[in-house]
Each structure stands twice: as structure tokens, then as C-alpha cells.
There are 2 protein chains.
Amino acid sequence: MEKSEPLAFLDHDHSQCRRTALKCANNQGLRLTKWRQLVLDLLLEDHRSMGAYEILNRLECNGVKPQPPTAYRALDFLVEHGLAHRIEKLNAYVACARPDACQSAGFIICKECNIVAEVECSPSNPELLRVAANVGFDAESTVMEVEGICSNCQNND
Amino acid sequence: MEKSEPLAFLDHDHSQCRRTALKCANNQGLRLTKWRQLVLDLLLEDHRSMGAYEILNRLECNGVKPQPPTAYRALDFLVEHGLAHRIEKLNAYVACARPDACQSAGFIICKECNIVAEVECSPSNPELLRVAANVGFDAESTVMEVEGICSNCQNND
DNA sequence: ACAAATCTGTTATAATGTTACACTCTCACT
DNA sequence: AGTGAGAGTGTAACATTATAACAGATTTGT
Ligand SMILES: [Zn+2]
Ligand SMILES: [Zn+2]
Ligand SMILES: [Zn+2]
Ligand SMILES: [Zn+2]
């Protein structure tokens, strides 16, 4: 599998994605507490994105359903440590597809089926970065999202 | 002034920006109705972004204060016709800085002062687009945003 | 003048995200 | 083991952002 292929669009052994992510989380010495674990697991079910409240509604531990801050705290943690990404265009979250090797990622978003494919690529647009550098701007984070219709959905019309 | 300089960071005759935008709107044969006009005017006050409710709270015509849908409708219209842009990272809106020549734009966002500089540049990241094309993805729109600290704010610490 | 299309007014509600504060747990250090 | 600091959780309330639905008004083309 080529490095830059977006996993989301490929048939693949997804349980492998899950194992990699969990192993990666442990290797970093992160504290994967109960809720963080559960949220990560929900996100790792597939490569779709989920809203915070969709996650919240499915969160549950021994019959206990947590409140919004619990979901947001877990999501913030996962995003901060690179185990998940926030999709700004959708106000939603996805598990990182390559938590072991994710420097900078862009996202391909299908409007129809909501699949979100992560692509490891250099940060931002070269022209944009050049202009930013020219005006002494200190760039800290980058949003790169492309919305459209995936080839599956094009054919299903 | 070089084409790719971000206007927002430069001292400039901003009333000129406003005239250009309004002229541009009229030239396109768009119906700039009362609310659309007023919203555009608010956005054109400077190159800062404004949330929909910030706009809503300042909207007023002959003592009449409209409801949320009015603001959102005007904003949707302006965005759709390229007179404004939505900043996904901020859930906010800016007037287009070059409505006469805006094919595709990226944004430089200062966390401190909230200034939003628009940069005309090619759509998205080349690697991201290449991968999208490879998998037969039909790209329709692109989000390019870089967040950080502008040089002014770096010096003001 | 008329019909179709577009725009507006209005009410209500949905969806997303945060503050604040008390309490509990974990971990490093005596 | 005790203990204190920091990190994590529980909970209630609230703030912000966005949309649905539908009736009425205005504009546009014929
Ligand atoms: Zn997978
Ligand atoms: Zn699709
Ligand atoms: Zn200006
Ligand atoms: Zn600044």
C-alpha cells in the first residue's frame, strides 16, 4: 500500500488500524483513561467522522451516560495528542488514520456518504505559506479540507 | 501593491476596498437587497471576521432588528456569490478582499487579534489534490486556513 | 394584470460548545 | 504508608451557532 493512499477509500483490514492506534497511544505514555479509550474506540469503528454529540449519545460505561464536557474533554485530549483530528468543515472528529506517522494531514470529505479520507501531506498551500512568512506570521496550525463527491457516490446517482 | 500581498496587514485606503466590493456586487447583476447590503457593509468595515450573531446584533434598519435567519440568509447569499467568505475555523465571516478577482482563497488567521488576511492562491495543497484525483474524487470546494500569531501581536507580548 | 420565483418576517427548536465548581483519583515524594 | 500537587471526572447550568417550517410580501418576466 503506497504511503499516500487514503486508507478510507480502500478495502483494508480495519482491525489493524485499530490495533495500530491503540498501540501507538500506549507507546507515547499517554493516559488512556476510560472515557478517552471509549471515545477513541468509537472513532476507530471506521473512517467516518462523528459529531461530538453523536459520540456523546453512544458513550456509556456500566450504564452511566456522561455529560457533554466528558465527550469534549476526551476529544480535546485525543486531538491534542494526534490520535484524532477535528474536521472544521463538519464540526466533527475522525480517528487519525496514521497515528504512528502523522506530521500534517489534509482531508478529503465526501458530501454524500460523509466518508473522510486522511492524506498525509505537507502543511497548507505553498503560496499561502509563502505570503504568511513574508509578513512575519508565525504559523502554528493548518486546516486543509477538500469537499466533493467520492467516486463511489458519483456512480450511485 | 503586489497582487499576493494580504491587504489586511497593510495600511491602505480601506474606503477603496468598500467601493470596489459594492461596485463589483452591482456589476454582477446581483440583487443587493436591504439586509444583504447592510450585512456586507458591516463586514466591509475592516478586514476582521465577524460571527453571525455579532452581525445580527448590529443589524438594524429603521429601528427594526431582524431574527437569526435574516442574518444567515444574507451571509449565505454573500458567500455564495463570492462577496464574503466563511472562516470554518472561527465559525465566522469576512468580506472578500478581492471580489473582482477571487478564484480561490486561503486565510491567515491571528489568534490574538483575530485579524483575517485573505490570500489569493491556488486551491488546496498539491499533494492532497493529487491524491484526490487519483481516487476519482470530484473536488468542489476547499478550505485553506492557517492559524498563528501575526507579527504585530508577536511584538506586543 | 398575472403567475412564478425570490425574498422577508416570525416562531420555535436543534446542534454545537463552554463555564464553573466540587469531588476523586494518580503519582511522585517523603 | 502518608501526603500534597496535579490531572481527571461528575454535574448543572448556560452560551453560541445554526436551521426548520410556514405565512406573507416583493420583485420579475410575460
Ligand atoms: Zn482503517
Ligand atoms: Zn461518497
Ligand atoms: Zn481594506
Ligand atoms: Zn495579531
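Below, read A as the first sequence line, B as the second, and so on, with proteins coming before strands; counting in each chain starts at 1. Remember, it's a predicted structure, so these values are computed and weren't measured experimentally.
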To the nearest angstrom, how far is [X] atom [atom1] from [N] atom [atom2]?
{"X": "B:Asn62", "N": "C:dG9", "atom1": "CG", "atom2": "P", "result": "11 Å"}
{"X": "B:Met50", "N": "D:dA18", "atom1": "CE", "atom2": "P", "result": "14 Å"}
{"X": "A:Arg31", "N": "D:dG6", "atom1": "CZ", "atom2": "P", "result": "14 Å"}
{"X": "B:Ile55", "N": "D:dT16", "atom1": "CD1", "atom2": "P", "result": "15 Å"}
{"X": "B:Leu90", "N": "D:dA18", "atom1": "CG", "atom2": "C1'", "result": "16 Å"}

field: Presence of donor-acceptor pair under 3.5 Å, side chain of B:Tyr53 and base of D:dA15
entry: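 Answer no: no donor N or O sits under 3.5 Å from an acceptor.
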Phosphate-side-chain proximity, [X] and [N], N/O vs OP1/OP2 below 4.0 Å:
{"X": "B:Arg86", "N": "D:dT17", "value": "no"}
{"X": "A:Lys34", "N": "C:dT24", "value": "no"}
{"X": "A:Thr33", "N": "D:dT9", "value": "yes"}
{"X": "A:Arg73", "N": "D:dA7", "value": "no"}

query: Is a salt bridge present between A:Glu45 and A:Arg58, judged by a nitrogen-to-oxygen distance below 4.0 Å?
result: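 So A:Glu45 pairs with A:Arg58 through a salt bridge.
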field: B:Lys89 and B:Glu147 ion-paired at < 4.0 Å
entry: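 Between B:Glu147 and B:Lys89 there is a salt bridge, with a charged N closer than 4.0 Å to a carboxylate O.
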message: When you measure from the side chain of B:Glu145 to the backbone of B:Glu88, do you find a donor-acceptor pair of N or O atoms at a distance under 3.5 Å?
response: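 The answer is yes, because a donor-acceptor pair under 3.5 Å joins these two groups.
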field: Expected output: side-chain B:Glu127 to main-chain A:Cys121 donor-acceptor under 3.5 Å
entry: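 Looks like no, no N/O pair under 3.5 Å.
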query: Should B:Phe77 and B:Leu22 be counted in the same cluster of Ile, Leu, Val, Met, Phe, Trp and Tyr side chains packed under 4.5 Å apart?
result: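 Hydrophobic grouping puts B:Phe77 with B:Leu22.
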field: Of B:Ala52 and A:Phe77, the one whose closest DNA chain D nucleotide lies more 5'
entry: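 Here A:Phe77 is the residue nearer the 5' end.
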query: Starting at the 5' end of DNA chain D, which residue's closest nucleotide do you reach first, A:Trp35 or B:Pro68?
result: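 Its nucleotide being nearer the 5' end, the pick is A:Trp35.
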- request: Under 4.0 Å between any heavy atoms, over every strand shown, what does B:Pro69 touch: base, sugar-phosphate, or nothing? Just pick one.
  value: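 It contacts base atoms.
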- prompt: Choosing from D:dG8, C:dC7, D:dT19, which nucleotide comes nearest the side chain of B:Tyr72?
  reply: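 Nearest nucleotide to the side chain: D:dT19.
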